> 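Before I ask anything, let me first share the structure, which is written out below as structure tokens.
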Amino acid sequence: MSNSKPSTSGRRRRRKPAAPIKRVNGNHGDWGRHVAGRPGAISAKANGRGYDSGSHLRSGIRRYGSDLAESAVSSSRERTEIREACRDADRKDTAFQRIVSATVENVIGEGPTFCPSTDSPEWNQAAAAVIARRNRKYHFSPSRDTSENDLSRTVLRSYERDGEVFIYHPRGFTQVFEAGQVHTPGHRTHADLPSGHSIANGRETDALGAVVAYYVGPYDRYGRATCSPTKMLRLPAWHLDPDYDAILPITTQWRHTQFLSADRGISPMAAALAPLQQLDEYIRAILERAIAEACIMATLKSNRSNAAESLSAGRADDDGGSAPELVYDDVAFIEPSIVAHLAPEDEFDLHAPTTPGQMFGTFVKTIIRLASMHRGQPLEIASLDFSDTNFSAARAAIEQAKRLWVMLQKDMSEHWYLPNCHWSIYEAMLDGSLAYHPDWQNVKVKPAGWRYLDPQKDATANKIALQSETTI
């Protein structure tokens with residue numbers, strides 16, 4: 001047996017643990033994926049699930065850690081810039097406002113109908129009364145009252161404009177927070193959290209990737225979490241009550257996402273910003289040209305050096321003389337009641353404004369069509385103009401738009417209407433004003449519908465469908 005040192009040529013060398021990714025501005029929270037602050041125990045969040053030191057993910061972070069951090073920070077900044085651009089457009093751009101308002105009007109309408117559906121008609125009637133009583137005066141905040149229908153419009157408008165909205169259900173009322181109010185507080189570190197928990201983009205998740213809390217504070221336009229730590233609130237995500245078999249959301253995030261890995265929403269109206277901005281610049285340029293044309297009424301072409309005197313008013317001098325006095329060095333305006341004496345070689349032309357041209361309306365409609373089509377809206381809905389369409393074309397376009405509106409109604413029922421109903425019934429049972437029923441969460445939400453475009457044709461179509469035993 002040899003006493004020599006064993007050869008290492010056939011052994012696999014152990015890698016040195018990767019150093020943690022550095023914080024950006026002292027804060028992990030703006031990362032889409034973040035890395036814990038200790039070597040060898042790297043955790044990351046992707047696609048809504050938590051992975052603890054996965055080999056493929058660890059190797060990727062070792063190699064591309066800085067790139068991931070930079071791209072995540074860039075995406076967070078881009079999302080914030082898009083949100084603020086949409087908020088500015090909602091305040092200043094009438095076309096943007098109309099597209100968003102059309103979605104809100106058609107999705108919300110006169111409000112939904114709530115139908116408790118247990119096996120007890122008496123209990124269903126009592127629960128419906130509880131829901132109606134609460135919905136008549138919902139609390140937007142502890143200091144302001146509003147109806148549920150008004151608050152529903154605010155929620156949907158925030159969703160369409162900002163891409164997400166946060167709904168908080170404290171005892172007795174409902175409060176809505178905007179996307180700019182949810183961000184990671186700068187004073188929180190991973191050492192302050194329970195084992196396996198992490199914070200990213202204002203959301204605290206456990207070791208399995210489930211959201212357990214949100215951090216809410218004053219509105220932050222730039223998403224830099226610059227507010228005082230004492231003004232940040234940690235709102236839990238869920239309320240559990242085994243006695244009532246209740247698992248109710250305390251804080252809900254309703255977001256519009258385009259990618260599976262996104263944990264924050266992006267505005268559905270983002271695609272409309274570019275064409276609407278171009279339309280605004282075009283209209284501004286057309287107006288400036290029209291104003292310039294309106295100011296030029298006529299032109300006088302002459303070889304006479306004193307031709308301008310014929311267009312000026314004769315006024316007395318200070319000395320009492322009657323010599324004509326030029327009002328302007330270069331004649332820019334023709335004064336009223338001027339009788340111009342022209343020489344045979346002079347040319348005098350009156351001008352009529354030609355701006356905007358004949359294609360102005362067509363161009364504006366084209367841009368509005370491009371801006372509204374991604375929200376499923378035809379030009380007739382977005383512009384409130386049915387003058388250039390017939391009934392069949394308008395009907396087909398509106399039926400297509402209804403597909404998106406129905407999808408939004410289902411999403412809103414899941415994230416807004418049903419949780420509100422469940423909280424109303426649950427609190428009524430806790431207060432003793434409503435008896436307990438094991439199926440108390442069975443509530444059906446019937447969203448508002450739309451009026452017939454042509455009742456006679458729709459009734460005839462339904463009659464034919466019944467006679468032929470077909471469904472439409």
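What you are looking at is a predicted structure, and each value in this text was computed from that prediction instead of being measured.
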> Under 3.5 Å, is there a donor-acceptor pair between the R133 and S424 side chains?
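Distance-only check fails for R133 and S424.
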
> Below 4.5 Å, heavy atoms only, C-beta onward: do Y215 and R203 meet side chain to side chain?
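Counting from C-beta outward, Y215 and R203 never come under 4.5 Å.
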
> If you measure from CG on L151 to CG on L156, what distance do you get to the nearest 0.5 Å?
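Nearest 0.5 Å value for the CG-CG distance: 11.5 Å.
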
> So, using side chain to side chain donor-acceptor pair (under 3.5 Å) as the criterion, who are the partners of T118 when residues are at least two apart?
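Side chain to side chain donor-acceptor pair (under 3.5 Å) check on T118 returns N124.
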
> Any side-chain hydrogen bond (donor to acceptor under 3.5 Å, both in side chains) involving residues 406-415? Give me the pairs, sequence neighbours left out, ordered by first then second residue.
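Pairs touching residues 406-415 that pass the test: none.
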
> Give a yes or no answer on whether the side chain of Q253 reaches the backbone of D263 with a donor-acceptor pair at less than 3.5 Å.
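Yes, the answer is positive, given that a donor and an acceptor are paired below the 3.5 Å cut-off.
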
> Please give me the minimum heavy-atom distance between S267 and H256, naming the atom from each residue.
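Closest heavy-atom pair between S267 and H256: C-ND1, 4.4 Å.
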
> Supply the atom-to-atom distance I398 CD1 to Q400 CD, rounded to the nearest 0.5 angstrom.
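So the gap between those two atoms works out to 12.0 Å.
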
> Could you check whether any side-chain heavy atom of P112 comes within less than 4.5 Å of a side-chain heavy atom of K446, counting everything from C-beta outward?
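Answer no - side chains too far apart.
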
> Taking atom types as modelled, find out whether S387 and D385 have a side-chain donor-acceptor pair closer than 3.5 angstrom.
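Indeed, the side chains of S387 and D385 share at least one donor-acceptor pair under 3.5 Å.
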
> Kindly determine whether Y214 and E204 satisfy side chain to side chain contact (heavy atoms under 4.5 Å, CB included), including the steps that lead there.
CA-CA 6 Å; Y214 296 90; E204 180 181 339; over 6 Å; no

> Under the salt bridge (Lys or Arg N to Asp or Glu O under 4.0 Å) rule, collect the residues that match up with R375, sequence neighbours excluded.
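Only E160 meet the salt bridge (Lys or Arg N to Asp or Glu O under 4.0 Å) criterion with R375.
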
> List the atom of W405, the atom of T103, and the distance in Å for their closest heavy-atom pair.
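Shortest heavy-atom separation between W405 and T103 comes out as NE1-CA, 4.3 Å.
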
> Measuring from E281:CD to I286:CD1, what's the distance to the nearest 0.5 Å?
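It comes to 13.0 Å.
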
> Which pairs, with at least one residue in residues 96-124 and sequence neighbours excluded, count as a salt bridge (Lys or Arg N to Asp or Glu O under 4.0 Å)?
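Counting only pairs at least two positions apart or across chains, the salt bridge (Lys or Arg N to Asp or Glu O under 4.0 Å) contacts touching residues 96-124 are R98-E105.
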
> With D388, which residues qualify under salt bridge (Lys or Arg N to Asp or Glu O under 4.0 Å), at least two apart?
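For D388 the salt bridge (Lys or Arg N to Asp or Glu O under 4.0 Å) partners, ignoring immediate neighbours, are K365.
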
> Determine whether M269 and H374 satisfy the following criterion, side chain to side chain contact (heavy atoms under 4.5 Å, CB included), listing intermediate values before the conclusion.
CA-CA 8 Å; M269 291 294 295; H374 76 288; 4.0 Å; yes

> Any side-chain heavy atom of V212 within less than 4.5 Å of one from T205?
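V212 does not reach T205 side chain to side chain.
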
> How would you list, by chain and number, every residue that makes a salt bridge (Lys or Arg N to Asp or Glu O under 4.0 Å) with D280, sequence neighbours excluded?
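Per chain and number, D280 pairs via salt bridge (Lys or Arg N to Asp or Glu O under 4.0 Å) with R284.
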
> What are the two closest heavy atoms between I381 and Q377, and how far apart are they?
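That closest heavy-atom pairing would be CG2-OE1, 4.1 Å.
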
> What residues, two or more places apart in sequence or in another chain, satisfy side chain to side chain donor-acceptor pair (under 3.5 Å) together with Q441?
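Partners of Q441 by the side chain to side chain donor-acceptor pair (under 3.5 Å) criterion come out as none, since no residue qualifies.
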
> Who are the ring pair (Phe, Tyr, Trp, His ring centres under 6.0 Å) partners of F96, not counting sequence neighbours?
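F96 satisfies ring pair (Phe, Tyr, Trp, His ring centres under 6.0 Å) with no other residue.
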
> Parallel, tilted or perpendicular for Y282 and F360, by the 30°/60° rule?
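The arrangement is parallel - the two ring planes meet at less than 30°.
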
> Run the ring pair (Phe, Tyr, Trp, His ring centres under 6.0 Å) test against F177 and tell me which residues pass, sequence neighbours left out.
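In terms of ring pair (Phe, Tyr, Trp, His ring centres under 6.0 Å), with neighbours along the sequence ignored, F177 is linked to no residue.
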
> Is there a donor-acceptor pair closer than 3.5 Å between any side-chain N or O of S433 and the backbone N or O of M429?
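Pair absent, no side-chain N/O of S433 close to backbone of M429.
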
> When you compare the side chain of R161 with that of E178, does any pair of heavy atoms fall below 4.5 Å?
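Answer yes - side chains close enough.
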
> Between D90 and R87, does any NZ, NE, NH1 or NH2 come within less than 4.0 Å of an OD or OE carboxylate oxygen?
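A salt bridge is absent here (no side-chain N lies under 4.0 Å from a carboxylate O).
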
> Walk me through whether I266 and T257 qualify under side chain to side chain contact (heavy atoms under 4.5 Å, CB included).
CA-CA 6 Å; I266 188 168; T257 58; over 6 Å; no

> What closest approach, in Å, do A371 and A272 show between heavy atoms, and which atom pair accounts for it?
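Of all heavy-atom pairs spanning A371 and A272, the closest is O-CB, 3.5 Å.
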
> Just verifying a value: how many Å separate D162 CG and R255 CZ, rounded to the nearest 0.5 Å?
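Rounded to the nearest 0.5 Å, the CG-CZ separation comes to 15.0 Å.
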
> Could you tell me whether the side chain of E164 and the main chain of G265 form a donor-acceptor pair under 3.5 Å?
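A pair under 3.5 Å: yes.
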
> Pair Y159, V107 - check side chain to side chain contact (heavy atoms under 4.5 Å, CB included), show working.
CA-CA 12 Å; Y159 173 85; V107 173; over 6 Å; no

> For the backbone of A394 and the side chain of E380, can you confirm whether one donor and one acceptor N or O come within less than 3.5 Å of each other?
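No; judged by distance alone, with no hydrogens or angles, the pair does not exist.
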
> Quick check against the 3.5 Å criterion: does D439 have a side-chain atom that pairs as donor or acceptor with the backbone of N442?
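No, the answer is negative, given that no donor and acceptor are paired below the 3.5 Å cut-off.
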
> Which atoms form the tightest heavy-atom contact between S198 and L193, and what is the distance?
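So the two residues come closest at CA-CD1, 3.7 Å.
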
> For R395, give me all partners under salt bridge (Lys or Arg N to Asp or Glu O under 4.0 Å), at least two apart in sequence or on another chain.
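R395 satisfies salt bridge (Lys or Arg N to Asp or Glu O under 4.0 Å) with D458 once adjacent residues are dropped.
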
> Please tabulate, one pair per line, all N/O donor-acceptor pairs under 3.5 Å involving side-chain atoms of residues 241-252, not counting sequence neighbours.
| residue | atom | partner | partner atom | Å |
| --- | --- | --- | --- | --- |
| D241 | OD1 | D243 | N | 3.1 |
| D241 | OD2 | Y426 | OH | 2.5 |
| T251 | OG1 | P236 | O | 2.9 |

> Nearest heavy-atom pair of G111 and N149: which atoms, and what distance?
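Smallest heavy-atom distance, with atoms named: CA-OD1, 3.5 Å.
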
> Tell me, yes or no, whether the heavy-atom count around R91 atom CZ, taken from other residues, nucleotides or ligands under 6.0 Å, exceeds 12.
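Result for CZ/R91: enclosed.
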
> Quick one: side chain to side chain donor-acceptor pair (under 3.5 Å) partners of S392, sequence neighbours excluded?
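Expected list: none.
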
> Side chains of E293 and T355 only: does a donor on one sit below 3.5 Å from an acceptor on the other?
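Checked: E293/T355 side chains pair up, N/O donor to acceptor below 3.5 Å.
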
> Are side-chain heavy atoms of N420 and F114 found at a separation under 4.5 Å?
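A side-chain contact under 4.5 Å is absent here.
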
> Show your working on salt bridge (Lys or Arg N to Asp or Glu O under 4.0 Å) between D431 and R171 and close with a plain yes or no.
CA-CA 11 Å; D431 297 339; R171 183 70 182 271; 2.8 Å; yes

> Can you tell me how far apart NZ (K92) and CG (L276) are? Round to the nearest 0.5 Å.
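One gets 14.5 Å once the value is rounded to the nearest 0.5 Å.
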
> Does the side chain of W254 reach to within under 4.5 Å of the side chain of F166, using non-hydrogen atoms?
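Of all side-chain heavy-atom pairs linking F166 with W254, none is under 4.5 Å.
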
> Just how far is it from atom CG of L379 to atom CD1 of I367, taken to the nearest 0.5 Å?
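The CG atom of L379 sits 11.5 Å away from the CD1 atom of I367.
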
> Are any of the side-chain heavy atoms of R157 and V100 separated by less than 4.5 Å?
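Yes - at least one pair of side-chain heavy atoms lies under 4.5 Å apart.
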
> Do the non-hydrogen side-chain atoms of I167 and T174 ever get within less than 4.5 Å of each other?
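Yes, at least one pair of side-chain atoms sits under 4.5 Å.
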
> Heavy-atom count around Q125 CD within 6.0 Å, excluding the residue itself: above 12?
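Check fails, neighbour count at 12 or below.
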
> Evaluate the criterion salt bridge (Lys or Arg N to Asp or Glu O under 4.0 Å) for residue pair E148 and R153; output intermediate values, then yes/no.
CA-CA 9 Å; E148 190 209 17; R153 296 188 185 96; over 6 Å; no

